[in-house]
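I have placed the structure first, in the form of structure tokens, so that the comments after it can refer back to it.
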Amino acid sequence: MNTEIKSLNPRQLAGQLIMIRIPNTVLDAETADFLRDNQIRAICLFRQNMVDAAQLSKLTADLREVMGENALIAIDQEGGAVVRSTWVPAPPAAMSLGAADDTTLAYAVGAAVARGVKALGFNWNFAPVLDLNNNPANPVICERSFGSDPKRATELALAWMEGSLSEGVACCVKHFPGHGDTHVDSHRDLPTVDKPRAELDALELAPFKVAAMATKNAPAMMSAHIVYPALDREFPATMSRKILTGLLREEWQYRGVIITDGMDMHAIAGRYGVGKAAVQAFVAGADMVMALGTRATQNETLDALAEAIASGQFHQEEIATRLQRLDRLAQTYPCAGTDGIYAAEAADHQLMRGAWQRGLTVHGNPQAIPVGSKIRLVMRTDTVSDGVSEAGVPASVVSAMLAQHYDVEMTTFADPDTFIWPSLPADGRITVLASTSRARYSEQVRNSWRPALHLALWNPFHAFDIAAPAVMSYGFAPPALQAVSAWLTGEIEAHGQLPVAGMM
């Protein structure tokens, strides 16, 4: 049944137009009451909400019962390091699929991702990424992008999207108008992409224009907290009417859902305040605001939007149009549980293993290491998360993977800039560096580290920071490490091609 505006008070109308997060792994009575009282119909779940399939399926079922038949339950299950449910078949990062350069494979992976999250009760996935990989120093995109060529990256991303849609899970392409060429993570501060409109049209905007105007267009699009002076000098895209309405709605005639990125991110909350920013995002043309902060910031958002609605700042027709888009999304991709039943799980594990292998890429003519060799594994001690991705792979896991075939001695460091490479003993062991973070290496590291082999297990651009033959996996999920292990022992070859040009 479609949302009835007249039956809802201003705060409940505001509740229909926001997405929240919750802190727990169960739906407690207080949270359930908050959802009901405010008529909230959209929620995004994160790793902190997940234990296993049984728990998560119960949680999404309970949320569905409270939020109703038009519920939108979302997840960030992009692939690579950006996954929330870590036990379903692990999808390759977008850049790995770019390296494999096969739209049929991209479609199959997108469909498998959808099967996995749908089995857990989700009907909305915030993927795929349409940002271009046109800045190797980007601190937050990197392997999340399909590549630097706008045409090919778009083809691969939209094939992935079509796979997901074929399995009944809505996609949300992101981060419009493009987060690829930033030097700042918008989770931490407000980036600016200062390029002429013609250059934006040729690069950043190109994938989103196709996604917006295609016959089978993206059902939803996420706005970026980035200033694009050529489009709007005053507001970041999330709060810009010139961008969300003028460009996306009017120039490109996009009719899908526009949802903001998290309004709790420092780029927005730290500069504008979440309530004021939420109102401005709706003025700009957003259909839904991600109020992903604490209960206090969620209430601040609800209060601000309710006041704007009650004062007549938004016409009833505008609200009705937004609700119709959201209802259409929920009805086209209904949120229906499967009690955790995932019939294709075994086949999808096999699919993902093959997909990771297809993307494996080499640089500098590395050679397989004979089984039984003595090697020294060098890598950082801790597991690293940048706040967007899950934590990186522990040194012990990589060591155990290598120890299946080699005599391994492990040397770890806490900070790459203080680790002294010449301190390693010259004892004849083959020195293997494993890079397990997204941050690029400093000049000091680049000038002093010389392993015999470099395993770039997260950021593939690390392969160009260190003067050594390298293998790039684009991620550290178990099937990615299995692919690296198979290459090391000569079982498979690496046929992937780095999907970026002239930027290393």
Side-chain angles (χ1 to χ4, degrees), residues 79-83 86-93 95-96 99-100 143 346 348-364 366-385 389-414 416 419 424 427-438 449 451-460 462-463 466 468-496:
V82 183
V83 292
T86 56
W87 60 84
V88 296
M95 200 171 175
S96 176
E143 83 294 340
D348 285 346
H349 274 296
Q350 184 175 354
L351 168 67
M352 298 306 191
R353 283 194 292 271
W356 280 104
Q357 288 186 7
R358 293 274 304 278
L360 202 66
T361 305
V362 295
H363 170 70
Q367 301 298 310
I369 300 176
V371 172
S373 297
K374 294 183 177 182
I375 68 172
R376 173 170 290 103
L377 173 64
V378 180
M379 63 182 292
R380 64 185 306 147
T381 309
D382 59 346
T383 59
V384 182
S385 172
S389 310
E390 297 305 309
V393 62
S396 59
V397 171
V398 180
S399 178
M401 179 266 287
L402 294 173
Q404 297 176 55
H405 309 293
Y406 307 110
D407 178 342
V408 180
E409 181 178 293
M410 185 164 62
T411 299
T412 60
F413 57 87
F419 178 70
L424 294 174
D427 56 4
R429 285 183 176 268
I430 300 170
T431 305
V432 177
L433 168 67
S435 295
T436 56
S437 69
R438 184 176 279 140
W449 287 15
L453 178 65
H454 183 187
L455 306 180
L457 301 180
W458 189 341
N459 186 339
H462 283 153
I466 307 295
V471 181
M472 295 172 271
S473 64
Y474 308 97
F476 46 79
L481 297 183
Q482 291 164 10
V484 171
S485 176
W487 180 89
L488 282 168
T489 57
E491 296 174 45
I492 64 170
E493 296 182 0
H495 296 293

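If you're wondering where the values come from, they're calculated on a predicted model, not measured in any experiment.
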With a sphere of 6.0 Å drawn around CD of Gln350, does it hold more than 12 non-hydrogen atoms of other residues, nucleotides or ligands? no

Between Lys374 and Asp427, does the salt bridge (charged side-chain N to carboxylate O under 4.0 Å, His left out) criterion hold? Intermediate values first, please. CA-CA 10 Å; Lys374 294 183 177 182; Asp427 56 4; over 6 Å; no

As an exercise, state the distance from OG of Ser485 to CG of Leu455, rounded to the nearest 0.5 Å. 10.5 Å

In this structure, CE of Met401 is separated from CG of Leu457 (nearest 0.5 Å) by 6.5 Å

Spatial distance of atom CZ (Arg376) from atom CG (Leu402) [nearest 0.5 Å]: 13.5 Å

About how many Å separate CG of Leu433 and CG of Leu424, when rounded to the nearest 0.5 Å? 10.0 Å

Where Tyr406 and Val371 come nearest, the two heavy atoms and their spacing: CE2-CA, 3.8 Å

Please report the closest heavy-atom contact between Gly475 and Ala480, naming both atoms and the distance. O-CB, 3.4 Å

Of all the heavy-atom pairs spanning Pro460 and Glu143, show the shortest one and how long it is. CD-CB, 4.2 Å

Can you measure from CE (Met472) to OG (Ser96) and round to the nearest 0.5 angstrom? 11.0 Å

Shortest non-hydrogen contact from Pro92 to Ala355? CG-CB, 3.5 Å

Between Thr361 and Ala494 the two heavy atoms that sit nearest each other are N-CB, 4.2 Å

Is Trp356 reaching over with its side chain to a backbone N or O of Ala90, donor-acceptor style, under 3.5 angstrom? yes

If we ignore hydrogens and angles and just use 3.5 Å, is the side chain of Arg429 paired with the main-chain N or O of Asp407 as donor and acceptor? yes

Is atom CD of Gln404 surrounded by more than 12 heavy atoms (other residues, nucleotides or ligands) closer than 6.0 Å? yes

For the student: nearest non-hydrogen atoms of Ala456 and His462, plus distance: CB-CB, 4.3 Å

Measuring from Trp458:CH2 to Ser435:OG, what's the distance to the nearest 0.5 Å? 12.0 Å

Apply the side-chain contact (heavy atoms from CB on, under 4.5 Å) test between Thr412 and each candidate in Thr381, Val378, Leu377; give the one that qualifies. Thr381

